[in-house]
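Working notes for the structure below.
No hydrogens, no waters, no symmetry mates; every other heavy atom, side chains included, goes into these values. Chain A is the first sequence line, chain B the second, and so forth, proteins listed ahead of strands; every chain is numbered from 1. The structure displayed is predicted, hence computed values, not measured ones.
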Number of protein chains: 4
Amino acid sequence: MSPRTPQQFEEIRTRRIDQIKQTALRLFAERGYTNTSVSAIAREAGVSKGLMYNYFNSKEELLHAILEDALALNLELVTRLQSVSDPKDRLRQAIEAVFTHVQQHVDYWRLFISLAFQPAVSGIVQRVLDHMPQAVIDFAIEAFRQMGHVDPERDAWFFAAALDGMLMHYLQLGSRYPLAEMQRYLMVHFVDSTE
Amino acid sequence: MSPRTPQQFEEIRTRRIDQIKQTALRLFAERGYTNTSVSAIAREAGVSKGLMYNYFNSKEELLHAILEDALALNLELVTRLQSVSDPKDRLRQAIEAVFTHVQQHVDYWRLFISLAFQPAVSGIVQRVLDHMPQAVIDFAIEAFRQMGHVDPERDAWFFAAALDGMLMHYLQLGSRYPLAEMQRYLMVHFVDSTE
Amino acid sequence: MSPRTPQQFEEIRTRRIDQIKQTALRLFAERGYTNTSVSAIAREAGVSKGLMYNYFNSKEELLHAILEDALALNLELVTRLQSVSDPKDRLRQAIEAVFTHVQQHVDYWRLFISLAFQPAVSGIVQRVLDHMPQAVIDFAIEAFRQMGHVDPERDAWFFAAALDGMLMHYLQLGSRYPLAEMQRYLMVHFVDSTE
Amino acid sequence: MSPRTPQQFEEIRTRRIDQIKQTALRLFAERGYTNTSVSAIAREAGVSKGLMYNYFNSKEELLHAILEDALALNLELVTRLQSVSDPKDRLRQAIEAVFTHVQQHVDYWRLFISLAFQPAVSGIVQRVLDHMPQAVIDFAIEAFRQMGHVDPERDAWFFAAALDGMLMHYLQLGSRYPLAEMQRYLMVHFVDSTE
DNA sequence: TATGAATGAGAGTTCATTCAT
DNA sequence: TATGAATGAACTCTCATTCAT
């Protein structure tokens with residue numbers, strides 16, 4: 001029997017890594033990072049505890065890998081939006097994208113918030129977490145400036161507060177929250193009503 | 001050494017309990033509930049672990065007691081506000097009260113959010129946590145209705161989102177967040193601009 | 001029931017610490033440091049694993065504490081010998097003391113050698129280990145110089161080699177080794193034969 | 001690609017085995033047997049863990065093989081020396097050979113000592129270790145007897161002690177130890193001074 | 001022959017909780 | 001009321017060994 005090819009090994013690795021990351025994300029989001037044991041992740045992912053450590057040097061590195069994935073997704077979104085020249089369109093699409101994203105990746109968002117409010121995790125995680133909120137603010141300031149707002153910074157903070165508040169409420173209440181209606185209202189309020 | 005009177009005992013009890021709850025609140029807020037050990041609380045509060053278990057049957061009961069205190073404060077606030085008959089005044093005072101409270105008790109608020117997004121802690125805690133947001137919504141709906149809004153429920157949710165978003169941003173960024181300005185803007189937007 | 005007095009606690013602590021250190025020393029000497037698990041130490045010492053960590057922050061700190069004890073004993077011996085003015089007497093008493101000591105504390109000596117030849121243990125341990133051999137050499141150089149030797153340094157190294165070689169053989173072979181005879185011969189050779 | 005001949009296979013085998021043994025010896029000597037992982041040996045030897053287990057059934061068997069090699073070398077030396085009829089010459093050559101060997105194979109010697117003082121490794125290893133010191137003693141007794149010593153056994157033990165002590169010091173101190181000078185002195189003392 | 005993914009037992013360590021005093 | 005010694009379960013992590021390919 002000839003040994004597996006490097007490609008075969010690579011494929012196995014990739015599949016397992018994804019499997020573990022997905023399971024870990026779900027559990028971290030459900031129970032919090034500290035409350036989730038490595039044993040639980042391994043059990044739910046259907047692998048042995050030992051195998052996890054073949055792919056991730058520590059529980060924290062696993063968390064880091066998950067956050068990096070999310071960050072990459074975010075970056076992609078921002079890049080895509082930057083090519084939209086009309087500021088209203090850009091804002092519209094951004095709202096659309098965020099509301100879609102939060103509904104599709106509830107786990108990511110829950111995890112972010114719980115990490116953001118539990119600073120003991122570690123510096124490396126904190127650094128990843130800090131990237132995101134600032135990006136939203138900067139994005140909004142730029143859009144409102146182009147839209148001719150008198151005080152774009154204040155409006156951006158207000159917009160960000162309303163947006164994040166809605167998302168937070170949705171993450172807390174789930175389907176009981178009128179997300180679609182709030183999205184529509186946000187759109188009306190910050191994009192369409194402005195002239 | 002005359003034996004202590006019952007009153008003295010009671011006073012000692014109360015003081016000790018407060019000491020423990022304050023220390024625990026601070027540590028829970030700083031490090032997260034799970035990341036805070038009972039030993040650490042006892043050490044920082046200057047009491048023995050054994051004594052802690054005289055007053056609280058478990059770590060979770062200690063958390064519960066802290067949350068109950070917060071709930072009581074909240075209830076008190078709501079009761080006080082309900083005596084204000086003019087809805088605009090009532091809303092104004094509510095905003096005032098919340099912004100003041102969050103600045104004076106950052107620890108409470110940080111703890112709430114971190115618990116809200118780490119549901120595994122336990123049912124009893126969850127039930128306490130659920131009380132509060134709903135109270136805010138109901139309060140706002142009532143005010144907006146009295147103010148003659150067309151869709152008071154939608155406006156209440158929007159108001160709550162903006163408010164909670166601001167508070168969340170403040171808890172994250174601390175003094176770097178323009179809290180006073182946002183409070184003023186919130187006031188203008190949801191109270192004074194409405195006619 | 002009144003609580004235990006600080007003295008009572010202190011006594012308990014001291015007794016337990018001694019108990020654990022003695023057991024650990026024996027096992028470390030028998031099996032080597034790395035081969036001895038904390039569980040084994042706890043089991044043989046008749047305490048729980050957890051208790052060990054009340055007294056020592058880590059397995060390595062336990063080792064360190066044991067080595068410090070040995071170092072203190074050594075220092076005491078050196079100090080005592082320095083008050084002997086006649087170099088021959090001093091050398092004689094030193095040999096006497098070392099041979100007695102090695103027979104009474106086989107465990108210490110086995111542990112030292114195994115640690116000295118297993119450098120991975122850690123810097124802090126290494127530093128403690130380095131103290132001792134040099135002390136022997138310096139001691140012998142001084143004595144031989146006072147005894148008028150032509151090349152006291154060379155003689156000191158030779159003496160140290162013979163001495164350490166004997167001790168090593170004794171530690172390896174135990175009662176099968178003619179320790180008393182070798183001690184007598186060492187004495188004759190390095191003290192009495194010289195004039 | 002013509003299929004490899006059996007000789008080629010055999011050559012590959014031998015080369016691989018040597019490679020693994022050399023790497024293992026180095027790591028065992030540097031870090032100690034217990035502190036060296038099979039993975040580390042495989043990695044540093046540039047082979048897979050699986051292949052290692054093709055050649056050696058266990059980590060301990062690998063150690064055993066290394067020790068057997070050393071034993072064979074030793075035996076060879078003893079055999080070679082036995083053909084020297086003059087006891088002084090024989091002793092001289094033995095000292096020469098040992099000092100040369102220890103300088104060329106520091107790893108072997110460090111490993112031996114660390115194993116000798118960490119007996120828990122296993123019986124089979126212990127048996128191999130016991131062979132060597134006894135061989136030195138027997139060798140010296142025979143030489144001193146032929147040289148007409150009054151108490152050849154005592155002198156042999158003294159000689160062995162001085163020799164092993166020197167080697168131990170050298171292994172500990174490395175180039176800081178005056179090995180050449182001590183070798184010369186040993187020679188003078190135990191061979192040339194005797195008449 | 002050769003690979004490295006996979007396992008599971010056991011390592012060191014932490015911590016909520018109990019209890020004798 | 002008050003102490004902290006003591007426990008044991010659960011934690012994160014390591015590693016010799018196996019095995020499908």
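- Within the 4.0 Å cut-off from OP1 or OP2 of F:dG4, not a single side-chain nitrogen or oxygen of C:R4 is found.
- Side-chain N/O atoms of A:Y53 include none lying less than 4.0 angstrom from OP1 or OP2 on F:dT14.
- Here the side chains of D:L51 and D:N54 are in contact, with some heavy-atom distance below 4.5 Å.
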### Task
Evaluate side chain to side chain donor-acceptor pair (under 3.5 Å) for B:E68 paired with B:H64, printing each intermediate quantity in order.
CA-CA 6 Å; B:E68 290 285 12; B:H64 193 61; 3.2 Å; yes
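- Atom-to-atom, CD1 of A:I20 to C1' of F:dT12 comes out at 15 Å; the value is rounded to the nearest Å.
- Comparing A:N54 and B:V38, the nucleotide of DNA chain E nearest to each residue sits closer to the 5' end for A:N54.
- If D:S39 and B:M52 are placed on DNA chain F by their nearest nucleotide, the residue sitting closer to the 5' end is B:M52.
- Where A:S58 and D:S58 each meet DNA chain F at their nearest nucleotide, the meeting point lying more 5' is that of A:S58.
- Remark: C1' of E:dA2 and CD1 of D:I17 are 14 Å apart, rounded to the nearest angstrom.
- Annotation: side chain of A:L115 is not in contact with side chain of A:F28 (no heavy-atom distance under 4.5 Å).
- Rounded to whole angstrom, the span from the CG atom of C:N57 across to the P atom of E:dT14 amounts to 8 Å.
- With the nearest nucleotide of DNA chain E identified for both C:L51 and A:R16, A:R16 has the one nearer the 5' end.
- At least one cation-pi condition fails for A:K59 and A:Y53: the charged atom is not both under 6.0 angstrom from the six-membered ring centre and inside a 45 degree cone around its axis.
- The minimum heavy-atom distance between D:D107 and D:A29, with the atom names listed, is O-CB, 3.5 Å.
- With rounding to whole Å, A:K59 atom NZ is found 18 Å from E:dT13 atom P.
- Between the CZ atom of C:R43 and the P atom of F:dT7 there is a distance of 14 Å, given to the nearest Å.
- Pairing for F:dT14 goes to E:dA9, judged as Watson-Crick or G-U wobble with the two contacts each under 3.5 Å.
- Side-chain atoms of A:S37 lie closest to F:dC11 of the nucleotides E:dA2, E:dG12, F:dC11.
- A straight line from CG of D:N35 to P of E:dA11 spans 14 Å, rounded to a whole angstrom.
- F:dA20: Watson-Crick or G-U partner is E:dT3, with both key distances under 3.5 Å.
- At a threshold of 4.0 angstrom between heavy atoms, the contacts of D:Y55 are confined to the sugar-phosphate backbone, with no base atom among them.
- Between the CG atom of D:L63 and the P atom of F:dA16 there is a distance of 13 Å, rounded to whole Å.
- Looking at B:K49, its side chain has no donor and acceptor atom pair within 3.5 Å of the base of F:dT3.
- Rounding to whole angstrom units, CD of residue D:E60 and P of F:dC15 are separated by 18 Å.
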